[in-house]
*Asks:* 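This structure is in structure tokens; I'll ask about it shortly.
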Amino acid sequence: MRSRIIMSMLAGATLLAGTLLTTGSAQATPVRAIPVSADASTDVPAEFGTDWHDPVTAAPPVARPAGKTCEVTVAEAQFRDFTPYKGTYTPPEGCGDRWSKVVLRLDGKVKGRQFDRLGYLHVGGVEIFRTSTPEPSPDGVEWSVEKDVTRYSDTLRGSHDVEMLIGNVVDDTYTGVIDVKVTLTFYEGRRAATPDRVLTLGDDSTLTTPRNSERVLAEVYATGSGGGCEEYWYLTVPKEAPYSCQADGGPYREVQIKVDGRLAGIAAPFPHVWTGGWSNPFLWYVVPAPRAFDIKPITYDLTPFAGILNDGRPHRVDVSVVGVPAGQSGWSAPVNVLVWQDARKARVTGGLTVERTGDLTDSSTYTPGAEHRLDTKGGHRLTVAGYVDTSHGRVTTTVERSLANTSTHRWTDGENMDGLDATWTDDESVTVDGRGPARTTRAHRTYTMNGTTTVGADDRLRTVLTLGDRATSVEAHGGHRTAWTRLDDTYTGDATYTLNVPRDQRHAVATTSERYRLNGSAGCYDRSLTTVQGVLTEDHTHC
């Protein structure tokens, strides 16, 4: 299967322009693809035809407040190659410069034949959106994605250059031109609680924060991409194992951020599956994998380092991915830095008081046989704490983060059977202690991937796969719970088609489903989708 599955995989999502890493060492508001048809059909064909339902996800829509709105078109382009769209953003007129919410919407369409592609949108150098695209039908598909971008209000209050790219290749074979329009809708009203500044790193990866910063967060839009093995990092194996994608240490990956060379944050990367993933696009034609259209950033609380960063000098901020073979590219990780300032003090001083790093464990055990097997276990712990002396007293922030990954990868000679059962956990606790009772936010994130791809003697490729994106978050004040949420986004799919034949002879069949459940102190959301041969047969809301 080496030449049939893996090489098919490697032809998928296109390299993003931007920062590529070659080192080896808070949830965003949900984004969703919006269905263009409200009614599910039960008229199911025996196999896939030349058209199917437009892409849709079960995630909730962005909540929108009532009141006056203003809309601005940020980008409108057709992507045929790797030429970025460049334009100018100007804030809206008529809705003031303090908004209760700002919602980004992308409307896209593509037809013919095309791979999945990755894209980004920058305003004033700030990455406000990262996405991937569906693979089209010959007759064409349309899709829409929404995202709450209120937290970037500082950037959006000024006029800025715009750059957008969905890198693409159009030729005699791959005919799909990706046509997109991106708008921002501003809601006039009471100003939302947003960062005072949104910063980016300089060309030399340095950051200079305002000298009165009292809270600092970093966002990292980390994606393994580029059409190489790091797009499927969770399937890589050590060099002694006979497999298409190899990495010295195996599949363990960890996204680290450092400030002046000191480890400031660790995180488990999300195991993204793009719409050509697992060599089976029929799995994703209607319902994409979790976060495929919603590439959320990893968030790191850098407030313990605020006292160091506030000295008025530039500080080096580096992001690296543990486990990437030395000298190999394949990860893109742009950084935004969100800063809250002390309005009553021109200079906030402070210091870093705790740096406690546990041993990074990363072991992969290869067992040869008729069915090759790689068992991986890895993990890491980090605690950092620091204080700032603000106009409202000394505030100490303690961040604790713990990562763990276990996986079992099984395959046969020739890779005609290839299976993975993997779990990643990322636990984080942030405690802010100042005047009054301490405030603590605890998050427990779990990502799962369990699937097998097989190729039979008749060249029928079948993929059975389940993906999970789960998270719980609890906020407490003085030891008493004040808010909580629980997310469970589960995708399942079973798709089969014939390899090495023209498209109209693949005789493809697939059943896919997604259930997105979000419960908490704010209420309940529960929606499930089912498709058969590209027809949406169920769209049910449970709450």
*Asks:* Not counting sequence neighbours, which residues clear side-chain contact (heavy atoms from CB on, under 4.5 Å) with S100? List them please.
*Replies:*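 Checked S100 against side-chain contact (heavy atoms from CB on, under 4.5 Å); matches are P65, Y187.
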*Asks:* If you measure only the distance, is there a donor-acceptor pair under 3.5 Å linking the side chains of S144 and D107?
*Replies:* yes
*Asks:* Any donor-acceptor pair under 3.5 Å linking the side chain of K68 with the backbone of G94?
*Replies:*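 Yes; at least one donor-acceptor contact below 3.5 Å.
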*Asks:* Got a sec, which pairs hit side chain to side chain donor-acceptor pair (under 3.5 Å) with one end in residues 84-96, sequence neighbours left out?
*Replies:*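 Sorted pair list: K86-E163.
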*Asks:* Are any side-chain N or O atoms of D54 and backbone N or O atoms of E142, one a donor and one an acceptor, separated by less than 3.5 Å?
*Replies:*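 Yes; at least one donor-acceptor contact below 3.5 Å.
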*Asks:* Among all residues two or more places apart in sequence or in another chain, which pass the salt bridge (charged side-chain N to carboxylate O under 4.0 Å, His left out) test with E230?
*Replies:*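 E230 satisfies salt bridge (charged side-chain N to carboxylate O under 4.0 Å, His left out) with R253 once adjacent residues are dropped.
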*Asks:* Check whether any side-chain N or O of K147 sits under 3.5 Å from a backbone N or O of I128 as a donor-acceptor pair, and report yes or no.
*Replies:*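 Looks like yes, one N/O pair under 3.5 Å.
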*Asks:* Suppose the criterion is disulfide bond (SG atoms under 2.5 Å apart): which pairs have a residue in residues 61-159, not counting sequence neighbours?
*Replies:* C70-C95
*Asks:* Go through it in stages, so that I can follow the logic: the residues are T223 and S332, the test is side-chain hydrogen bond (donor to acceptor under 3.5 Å, both in side chains), and I'd like the CA-CA distance, side-chain angles, deciding distance and then a yes or no.
*Replies:* CA-CA 6 Å; T223 51; S332 180; 4.8 Å; no
*Asks:* Atom CG of L529 and atom CG of D539: how far apart are they, to the nearest 0.5 Å?
*Replies:*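 Output value for this atom pair is 5.0 Å.
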*Asks:* Decide whether S137 and D139 meet the rule of one side-chain donor and one side-chain acceptor closer than 3.5 Å.
*Replies:* no
*Asks:* Could you pull out the closest heavy-atom pair between Y221 and P297, with the gap in Å?
*Replies:*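 In terms of heavy atoms, the two residues are closest at CE2-CD, 3.6 Å.
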*Asks:* Could you tell me whether the side chain of S153 reaches within less than 4.5 Å of the side chain of V102, counting heavy atoms only?
*Replies:*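 With C-beta onward as the side chain, the pair touches.
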*Asks:* Rounded to the nearest 0.5 Å, how far does CG of N212 lie from CH2 of W340?
*Replies:* 14.0 Å
*Asks:* Any side-chain heavy-atom pair from T206 and L201 closer than 4.5 angstrom?
*Replies:*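 When only atoms from C-beta onward are counted, L201 and T206 do not touch, as no gap falls below 4.5 Å.
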*Asks:* Pick one: which of W424, F270, Y491 meets ring pair (Phe, Tyr, Trp, His ring centres under 6.0 Å) with Y447?
*Replies:* F270
*Asks:* Check whether any side-chain N or O of T175 sits under 3.5 Å from a backbone N or O of R113 as a donor-acceptor pair, and report yes or no.
*Replies:* yes
*Asks:* Passes salt bridge (Lys or Arg N to Asp or Glu O under 4.0 Å), D526 versus R515? Steps please.
*Replies:* CA-CA 7 Å; D526 188 342; R515 186 169 184 181; 2.6 Å; yes
*Asks:* May I ask you to decide if T69's main-chain N or O and E188's side chain share a donor-acceptor pair within less than 3.5 Å?
*Replies:*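 Side chain of E188 to backbone of T69, a donor-acceptor pair under 3.5 Å: no, none is there.
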*Asks:* Verify side-chain contact (heavy atoms from CB on, under 4.5 Å) between R105 and V62, making sure each step is shown before the conclusion.
*Replies:* CA-CA 10 Å; R105 179 183 173 104; V62 176; over 6 Å; no
*Asks:* Does D204 come within less than 4.0 Å of R316, counting only side-chain N to carboxylate O?
*Replies:* no
*Asks:* Any disulfide bond (SG atoms under 2.5 Å apart) involving residues 101-213? Give me the pairs, sequence neighbours left out, ordered by first then second residue.
*Replies:* none
*Asks:* List for me each residue that meets side chain to side chain donor-acceptor pair (under 3.5 Å) alongside T463, sequence neighbours excluded, and say none if there are none.
*Replies:*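 Residues passing side chain to side chain donor-acceptor pair (under 3.5 Å) with T463: N280, T453.
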*Asks:* To the nearest 0.5 Å, what is the distance between CD on E231 and CG on D116?
*Replies:*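 Reported value, rounded in 0.5 Å steps: 6.5 Å.
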*Asks:* Under 3.5 Å, side chain of D426 to main-chain N/O of A268, donor-acceptor pair present?
*Replies:*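 Checking the backbone N and O of A268 against the side chain of D426, a donor-acceptor pair under 3.5 Å is found.
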*Asks:* Nearest 0.5 Å, please: how far is NZ in K296 from CD in E219?
*Replies:* 12.5 Å
*Asks:* Taking atom types as modelled, find out whether R80 and Q78 have a side-chain donor-acceptor pair closer than 3.5 angstrom.
*Replies:*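 Yes - a donor-acceptor pair under 3.5 Å links their side chains.
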*Asks:* Just by distance, no angles: are the side chains of E538 and S528 close enough, under 3.5 Å, to form a donor-acceptor pair?
*Replies:*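 Their side chains do contain a donor-acceptor pair, which is all the 3.5 Å distance test asks for.
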*Asks:* Grab the two heavy atoms, one from A264 and one from V259, that are nearest each other, plus how far apart they are.
*Replies:*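 Looking at all heavy atoms of both residues, the shortest contact is CB-CG2, 3.9 Å.
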*Asks:* Over all heavy atoms of both residues, which pair between A495 and L283 is shortest? Give the atoms and the distance, please.
*Replies:* CB-CD2, 3.6 Å
*Asks:* Evaluate side-chain contact (heavy atoms from CB on, under 4.5 Å) for Y234 paired with M449, printing each intermediate quantity in order.
*Replies:* CA-CA 9 Å; Y234 38 79; M449 180 179 291; 3.6 Å; yes
*Asks:* Residues in side-chain contact (heavy atoms from CB on, under 4.5 Å) with Q114, at least two apart?
*Replies:*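 For Q114, the residues satisfying side-chain contact (heavy atoms from CB on, under 4.5 Å) (neighbours in sequence not counted) are R117, P136, N168, V170, Y174.
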*Asks:* Below 4.5 Å, heavy atoms only, C-beta onward: do W278 and L420 meet side chain to side chain?
*Replies:*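 Yes - at least one pair of side-chain heavy atoms lies under 4.5 Å apart.
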*Asks:* Are the side chain of T275 and the backbone of T133 linked by a donor-acceptor contact shorter than 3.5 Å?
*Replies:*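 Checking the backbone N and O of T133 against the side chain of T275, a donor-acceptor pair under 3.5 Å is found.
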*Asks:* Using only atom types and a distance under 3.5 Å, with no angle test, would you say the side chain of T448 pairs donor to acceptor with the backbone of G468?
*Replies:*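 Yes.
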*Asks:* Apply side-chain contact (heavy atoms from CB on, under 4.5 Å) to A192 and list each qualifying residue two or more places apart in sequence or on a separate chain.
*Replies:* T150, T194
*Asks:* Please tell me if the side chains of Y300 and I266 come closer than 4.5 Å, counting only heavy atoms from C-beta onward.
*Replies:*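 Not touching, per the 4.5 Å side-chain cut-off.
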*Asks:* Not counting sequence neighbours, which residues clear side-chain contact (heavy atoms from CB on, under 4.5 Å) with R197? List them please.
*Replies:* D154, L199, P210, V339, Q341
*Asks:* Taking only residues two or more places apart in sequence or in another chain, which ones pass ring pair (Phe, Tyr, Trp, His ring centres under 6.0 Å) with F48?
*Replies:*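 Result, ring pair (Phe, Tyr, Trp, His ring centres under 6.0 Å) vs F48: W52, F282, Y285.
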*Asks:* Strictly below 4.0 Å, N to O, side chains only: are D469 and R291 in salt-bridge contact?
*Replies:*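 A salt bridge links D469 with R291.
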*Asks:* Drop me the distance from C229's SG to Q328's CD, to the nearest 0.5 angstrom.
*Replies:* 7.0 Å
*Asks:* Heavy atoms only: give me the nearest F293-P55 pair and the separation to one decimal.
*Replies:* CE1-CB, 3.9 Å
*Asks:* Using the test salt bridge (charged side-chain N to carboxylate O under 4.0 Å, His left out), find all partners of R517 that sit at least two apart in sequence or belong to another chain.
*Replies:* D488
*Asks:* Atom CG in D203, atom OG1 in T200: separation rounded to 0.5 Å?
*Replies:* 9.0 Å
*Asks:* For P92 and W99, work out which heavy atoms get closest and say how close.
*Replies:* CD-CZ2, 4.3 Å
*Asks:* Indicate whether any N or O donor in one side chain lies under 3.5 Å from an N or O acceptor in the other, for T73 and T183.
*Replies:*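 Checked: T73/T183 side chains show no N/O donor-acceptor pair below 3.5 Å.
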*Asks:* Is it true that T531 and H53 share a donor-acceptor pair across their side chains at a distance under 3.5 Å?
*Replies:*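 Their side chains do not contain a donor-acceptor pair, so the 3.5 Å distance test is not met.
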*Asks:* Does the pair R506/D504 count as a salt bridge with the N-to-O cut at 4.0 Å?
*Replies:*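 A salt bridge is absent here (no side-chain N lies under 4.0 Å from a carboxylate O).
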*Asks:* Before giving the answer on side-chain contact (heavy atoms from CB on, under 4.5 Å), spell out for H315 and T208 the whole-Å C-alpha distance, their side-chain angles and the decisive distance to 0.1 Å.
*Replies:* CA-CA 6 Å; H315 293 266; T208 304; over 6 Å; no
*Asks:* With a 3.5 Å cut-off and no angle check, do the side chains of T472 and R445 form a donor-acceptor pair?
*Replies:*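 No - no donor-acceptor pair under 3.5 Å links their side chains.
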*Asks:* Taking all atoms of both residues into account, what is the closest heavy-atom pair of L156 and V149, and its distance?
*Replies:*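 The answer is CD1-O, 4.2 Å.
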*Asks:* May I ask you to decide if L184's main-chain N or O and E71's side chain share a donor-acceptor pair within less than 3.5 Å?
*Replies:*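 No, the answer is negative, given that no donor and acceptor are paired below the 3.5 Å cut-off.
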*Asks:* Could you list all the disulfide bond (SG atoms under 2.5 Å apart) pairs where at least one residue sits in residues 495-536, not counting sequence neighbours?
*Replies:* C524-C543
*Asks:* Side chain of S132, backbone of A292: donor and acceptor closer than 3.5 Å?
*Replies:*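 The answer is yes, because a donor-acceptor pair under 3.5 Å joins these two groups.
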